[in-house]
Amino acid sequence: MKRITIGMIAHVDAGKTTLAEQLLYHTNSIRERGRVDHKDAYLDSHEIERARGITVFADQAFMSYKDAAYYLIDTPGHVDFSPEMERAVQAMDYAVVVVSAVEGVQGHTETVWQLLHKHRIPTFFFINKTDRVGADAERVLEDIRLQLTPDACLITGNFANGEVGEELRESMAERDEGLLEAFLAGTEDRSFWLEALQEMIRGYRLFPCAYGSALQDVGVVELLEQLHHLTTTDYHEHEQAPFGGRVYKIRHDANGVRLTYVKALSGVLRVRDELVYLMGEERICEKATRLLRVSGSKSQAVDQVAAGDLFAVVGLTGAETGQGVGSSSDKLDYEMVPTLTSKVEFADTLNVKDVLKAFQLLTAEDPSLNVIWEESLQEIHIHVMGLIQLEVLQQVVKDRFQLDVVFGKPDILYKETIGNPVKGYGHFEPLRHYAEVHLLLEPGERGSGIAFESVCHVNELSVGNQNLIKTHLFERDHHGLLTGMPLTDIRITLLKGAAHNEHTHGGDFREAAFRALRQGLEKAENLLLEPYYAYKIKVELDELGRVLSDIQRASGAFDPPQTTGTHAVVMGKVPVATFMDYSTELAAFTHGKGILHLAFAGYERCHNEHEVIESKGYRKDADPLYTSTSIFCAKGSGYSVPWDEAEAKMHLL
């Protein structure tokens with residue numbers, strides 16, 4: 001049986017949830033078609049989604065059509081929930097990008113297209129809402145060709161009953177010399193062109209574009225037929241292989257049982273089979289105690305799943321999203337990274353441990369939240385994409401955990417790094433304890449995070465102790481000296497280390513390593529980094545001057561504008577801090593016609609470093625979690641040595 005996962009993706013309000021409802025109805029998966037505005041859509045089953053009329057969670061549905069099984073994933077269209085959408089993308093075999101026939105290609109449409117392009121997901125376009133006043137499918141098709149891909153080809157009216165129409169064959173021939181010869185000769189039959197079209201779509205060389213109205217049920221059955229005839233996978237070839245899959249979502253049921261959602265990539269998995277995955281460098285082996293096929297808010301227990309299936313498994317306690325399981329052991333990285341941080345605020349009557357436990361559960365489901373417990377301040381901080389996400393999160397915490405929380409005003413998530421290589425030394429020797437660590441700290445490439453290697457000889461320090469130092473260095477974010485924000489883009493090399501046969505305990509290396517890192521930072525040139533957007537702005541020509549002026553005022557940079565007879569497109573980079581609210585401003589002076597596309601573009605040197613440092617008011621000597629002071633022992637008791645004097649007392653120098 002053919003098993004295919006199709007993702008529904010769009011800018012908010014393009015109508016993808018309505019289109020998904022129609023597809024489910026026409027495959028007899030649901031009896032009645034729900035509507036977003038009627039708050040009864042099958043895939044927007046959460047109360048929050050129904051109240052707001054937007055998709056927040058990437059939910060899935062199962063449908064069978066003719067001889068095939070399809071999994072439909074409805075993804076969030078709002079930019080605040082981009083991480084949820086990105087995690088879902090990596091479980092898709094094909095995607096349907098829904099574009100409004102009135103609004104056309106919008107900012108978030110470009111974002112999702114770039115993501116699909118990066119992961120090479122074969123894509124269909126559906127131009128929706130052709131029944132509305134102002135709809136122009138041909139104009140939108142040209143928009144798609146100009147702004148997204150020149151290889152979008154109209155399929156409406158050019159494909160029926162598995163037969164490729166002449167106009168579509170001509171478009172295919174323009175992109176392939178072999179097909180051009182076949183087209184000119186006119187000798188090839190219907191099956192030849194069908195297979196060629198399937199191959200071009202799957203090979204990311206052609207993107208079929210259909211149009212219709214999901215609300216009025218126009219063009220929906222035709223789209224279903226197109227998907228059925230033109231999507232192919234080779235999962236059936238791997239059913240005898242060892243089971244391999246990838247985690248794409250974590251959820252918890254009403255009883256708190258952890259459900260790990262997996263896309264099966266090869267082989268067959270049965271109930272009670274063992275699954276292997278990695279947690280860090282540790283190999284974990286756990287039994288799949290239950291397998292569930294999930295469709296909307298319903299789930300059905302199944303005995304086995306095969307390559308191509310989406311399923312939830314009970315029994316995995318630590319596998320994270322992006323993690324390979326079974327024969328797939330790698331872990332995927334995600335690029336939709338929050339650029340804001342916010343403090344969780346709650347009444348003194350609430351137990352802080354209960355609140356922290358709830359947010360740790362939520363961060364297992366959405367790793368981008370990156371919940372941080374600030375022990376010294378007794379505060380919980382989270383990373384977020386925007387204000388809508390905070391509003392939804394507040395409601396989720398109330399509904400699921402019966403906890404009333406609010407969030408502090410979101411602040412930019414700054415980071416810190418160093419500008420020059422330095423050596424850091426840490427010594428920890430209170431009575432009956434001993435560890436010394438020497439580290440080389442070097443600037444890393446932007447976006448590289450923290451990297452570690454060891455050149456310490458095993459005769460000097462055992463492999464076990466070297467690994468212990470590495471583990472401690474990666475166990476949490478490290479505070480920079482300028483603002484106390486997380487360190488990043490640093491290469492750490494373990495140069496030397498020392499232990500004592502009797503007095504060294506595991507925690508001693510933690511203390512010595514942290515002090516060595518901090519002592520190195522005291523000697524380094526410390527740099528403050530801030531998140532940047534890569535932007536693309538499209539406006540009418542007479543608005544170009546205003547846009548360029550706004551970008552300069554926001555401390556951004558731009559490439560030479562690209563102009564046509566009526567419009568201009570400007571691209572470049574700009575700090576998130578100065579541009580995060582620009583969409584409202586742009587909409588105001590362009591009367592809603594300007595298009596703004598923003599994508600996270602990594603971290604760069606902060607444009608107003610001194611101002612931020614002053615506003616943060618971080619006191620490096622008063623951070624209880626980190627100190628650059630070393631502890632030495634004399635006459636049976638430990639004593640502190642400041643960072644600038646400690647080097648002279650190190651045992652290994």
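Any value given below was found using the heavy atoms of this structure, including those in side chains, with hydrogens, waters and symmetry copies removed. One is the number of the first residue; the rest follow in order along the sequence.
Within a 6.0 Å sphere centred on NZ of K118, heavy atoms belonging to other residues, nucleotides or ligands number more than 12. Sparse packing is recorded around NZ of K573, with 12 or fewer heavy atoms of other residues, nucleotides or ligands lying under 6.0 Å away. The 12-atom threshold is exceeded at CD of Q394, counting heavy atoms of other residues, nucleotides or ligands nearer than 6.0 Å. Counted within 6.0 Å of CZ on R446, heavy atoms from surrounding residues, nucleotides or ligands total more than 12; the atom is thus considered enclosed.
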Might you work through the side chain to side chain contact (heavy atoms under 4.5 Å, CB included) test for I382 and L393, ending with a clear yes or no? CA-CA 11 Å; I382 59 172; L393 206 52; 3.5 Å; yes
Output, in order, the C-alpha distance, side-chain angles, deciding distance and verdict of side chain to side chain contact (heavy atoms under 4.5 Å, CB included) for I9 and L115. CA-CA 11 Å; I9 297 184; L115 193 63; over 6 Å; no
Evaluate the criterion side chain to side chain contact (heavy atoms under 4.5 Å, CB included) for residue pair V397 and F359; output intermediate values, then yes/no. CA-CA 8 Å; V397 174; F359 275 91; 3.8 Å; yes
Hey, mind stepping through H472 and F509 against ring pair (Phe, Tyr, Trp, His ring centres under 6.0 Å) and telling me if it holds? CA-CA 8 Å; H472 288 316; F509 278 110; 8.2 Å; no
Stepwise side chain to side chain contact (heavy atoms under 4.5 Å, CB included) test for R283 and L278: CA-CA 5 Å; R283 192 169 177 270; L278 295 176; 4.1 Å; yes
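Of the possible polar contacts, one joining the T289 side chain to the V314 backbone as a donor-acceptor pair under 3.5 Å is found. Using modelled atom types, no side-chain atom of S342 and backbone atom of K409 make a donor-acceptor pair closer than 3.5 Å. With hydrogens and angles disregarded, a donor-acceptor distance shorter than 3.5 Å links the side chain of E416 to the backbone of T483. Side chain of D508 to main chain of H505: a donor-acceptor pair is present (N/O by atom type, distance under 3.5 Å, no hydrogens or angles). R491 places a side-chain N or O within donor-acceptor distance of the main-chain N or O of P443, the cut-off being under 3.5 Å. The closest donor-acceptor contact from the side chain of S295 to the backbone of F62 lies under 3.5 Å. The backbone N or O of V247 lies less than 3.5 Å from no partner atom in the side chain of Q323, so there is not a single donor-acceptor pair. Put simply, the side chain of D253 gets close to the backbone of N255: a donor and an acceptor are under 3.5 Å apart. In this structure, the side chain of N526 engages the main chain of A524 through a donor-acceptor pair within 3.5 Å. T417 places a side-chain N or O within 3.5 Å of a backbone atom of D489 that can act as its donor or acceptor partner.
Distance check, rounded to the nearest 0.5 Å: CH2 of W373 to NE2 of H381 gives 9.5 Å. How far CD of E522 is from CH2 of W643: 5.5 Å, rounded to the nearest 0.5 Å. The distance from the CD1 atom of I595 to the CD1 atom of I537 is 11.5 Å, given to the nearest 0.5 Å. One finds the CD1 atom of I490 at 6.0 Å from the CG atom of L521 (value rounded to the nearest 0.5 Å). Distance check, rounded to the nearest 0.5 Å: CG of L529 to CD of E604 gives 8.0 Å. Note that OG of S628 and CZ of R518 are 6.5 Å apart. Values are rounded to the nearest 0.5 Å.
You'll find the side chain of E530 stays beyond 4.5 Å of the side chain of V612, heavy atoms only. Inter-residue side-chain proximity for L441 and I492 is flagged as met; some heavy-atom pair is nearer than 4.5 Å. Contact annotation: the side chain of M92 approaches that of V89 to within less than 4.5 Å [non-hydrogen atoms, C-beta and beyond]. Under the 4.5 Å side-chain criterion, counting only non-hydrogen atoms from C-beta, I372 is not in contact with T341. Looking at K470 and L473, their side chains never come closer than 4.5 Å, going by heavy atoms from C-beta outward. Under the 4.5 Å side-chain criterion, counting only non-hydrogen atoms from C-beta, V271 is not in contact with R290. Side-chain atoms of L413 and Y603, non-hydrogen and from C-beta on, do get closer than 4.5 Å to each other. Using a 4.5 Å cut-off on side-chain heavy atoms (C-beta onward), K523 and Q519 make contact.
A side-chain N or O of E286 and one of Y277 form a donor-acceptor pair less than 3.5 Å apart.
We find that K343 and D411 are not joined by a salt bridge, their nearest charged nitrogen and carboxylate oxygen being 4.0 Å or further apart. Under 4.0 Å is where a charged nitrogen must lie from a carboxylate oxygen, and between D550 and R553 at least one such pair does.
Shortest non-hydrogen contact noted between H607 and P575 is ND1-CG, 3.8 Å. The shortest non-hydrogen separation linking N370 to T363 is N-OG1, 3.2 Å. Of all heavy-atom pairs between K16 and T75, the closest is NZ-O, 2.5 Å. The minimum heavy-atom distance between L481 and Y618, with the atom names listed, is O-CD2, 3.4 Å. Nearest heavy-atom pair, Y532 versus R605, reported as atom, atom and distance to 0.1 Å: OH-O, 3.5 Å. When all heavy atoms of P338 and S368 are compared, the pair lying nearest together is CG-O, 3.4 Å.
By the side chain to side chain donor-acceptor pair (under 3.5 Å) test, H597 is found to be paired with T111, residues two or more places apart in sequence or in another chain being considered.
The aromatic rings of Y248 and Y261 sit perpendicular, their planes meeting at an angle over 60°, well past the 30° parallel limit. Using bins of under 30°, 30° to 60° and over 60° for the plane-to-plane angle, the ring pair F579/Y582 lands in the parallel bin.
Each of V98, T109, V97, V112 was compared with H11 under the side-chain contact (heavy atoms from CB on, under 4.5 Å) criterion, and only T109 meets it. Each of K249, R87, R251 was compared with D366 under the salt bridge (charged side-chain N to carboxylate O under 4.0 Å, His left out) criterion, and only R87 meets it.
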